[in-house]
Amino acid sequence: MNRMDIAKKRAELLQNKEVKLQVNEGRNRFVCYEGKIKDLYPYVFTFEAFLFGENRLMSFSYVDLMTKRIKIFPPDEKSQNVLS
């Protein structure tokens, strides 16, 4: 099992559960979203974020998880990383 398969499995375990997603946008800018991992595809997964009363659908690759460009946390804990 390679690292890509591990990242896919971790995303699959958290599918349709409330999580916080921290995205590194570069130059020390981090954005946090709350929502759910909706769909899983061979190379990407979609994330439905709840922003300003609306649902917004975003997509990320499993490589983002492997390179730690995005991190997924339980919704009530900010310090414990589930998918690092």
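Quick note: numbers below take in every heavy atom, side chains included, and nothing from hydrogens, waters or symmetry partners. Along the sequence shown, the residues carry numbers beginning at 1. This is a predicted model, so every value here is computed, not measured.
- Placement of Val63 and Val44 in two distinct hydrophobic clusters is found when ILVMFWY residues are connected by side-chain heavy-atom separations under 4.5 Å, directly or transitively.
- Taking Arg69 as the reference, Asp64 meet the salt bridge (charged side-chain N to carboxylate O under 4.0 Å, His left out) condition, with sequence neighbours excluded.
- Applying the salt bridge (Lys or Arg N to Asp or Glu O under 4.0 Å) rule to pairs touching residues 37-52 yields Lys38-Glu48, sequence neighbours excluded.
- Hydrophobic clustering of Ile, Leu, Val, Met, Phe, Trp and Tyr side chains at less than 4.5 Å, counting indirect connections, keeps Leu57 apart from Val23.
- Shown here is Glu54, whose CD atom has no more than 12 heavy atoms of other residues, nucleotides or ligands within 6.0 Å.
- Smallest separation of non-hydrogen atoms from Lys20 and Glu34: CE-OE2, 3.1 Å.
- Taking 4.5 Å as the limit, every side-chain heavy atom of Ile37 sits out of range of all side-chain heavy atoms of Asn16.
- Taking each heavy atom of Phe60 and Leu21 in turn, the nearest pair found is CE1-CD2, 3.3 Å.
- Under the rule for a side chain to side chain donor-acceptor pair (under 3.5 Å), Arg3 has no partner lying at least two apart in sequence or in another chain.
- Residues Tyr43 and Tyr62 keep their aromatic ring centres 6.0 Å or farther apart.
- Side-chain contact between Met1 and Ile6 is present, with heavy atoms from C-beta onward closer than 4.5 Å.
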CA sep, side-chain torsions, deciding dist, call: Leu14, Ile72, side-chain contact (heavy atoms from CB on, under 4.5 Å): CA-CA 9 Å; Leu14 292 172; Ile72 300 178; 3.9 Å; yes
Worked verdict on Thr46 versus Tyr41 for side-chain contact (heavy atoms from CB on, under 4.5 Å): CA-CA 8 Å; Thr46 58; Tyr41 298 100; 3.9 Å; yes
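- A single hydrophobic cluster is not seen to contain both Met58 and Phe30; linkage of ILVMFWY side chains at heavy-atom distances under 4.5 Å, directly or through other members, places them apart.
- The shortest distance between side-chain heavy atoms of Gln15 and Leu40 falls below 4.5 Å.
- One finds the OG atom of Ser61 at 7.5 Å from the CZ atom of Phe45 (value rounded to the nearest 0.5 Å).
- A pairwise comparison of heavy atoms in Leu65 and Ala7 identifies CD1-O, 3.9 Å as the closest pair.
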Worked check of side-chain contact (heavy atoms from CB on, under 4.5 Å) between Tyr33 and Arg56: CA-CA 10 Å; Tyr33 300 104; Arg56 180 178 171 197; 4.2 Å; yes
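- For Lys36 (side chain) and Val19 (main-chain N/O), no donor-acceptor pair under 3.5 Å exists by modelled atom type.
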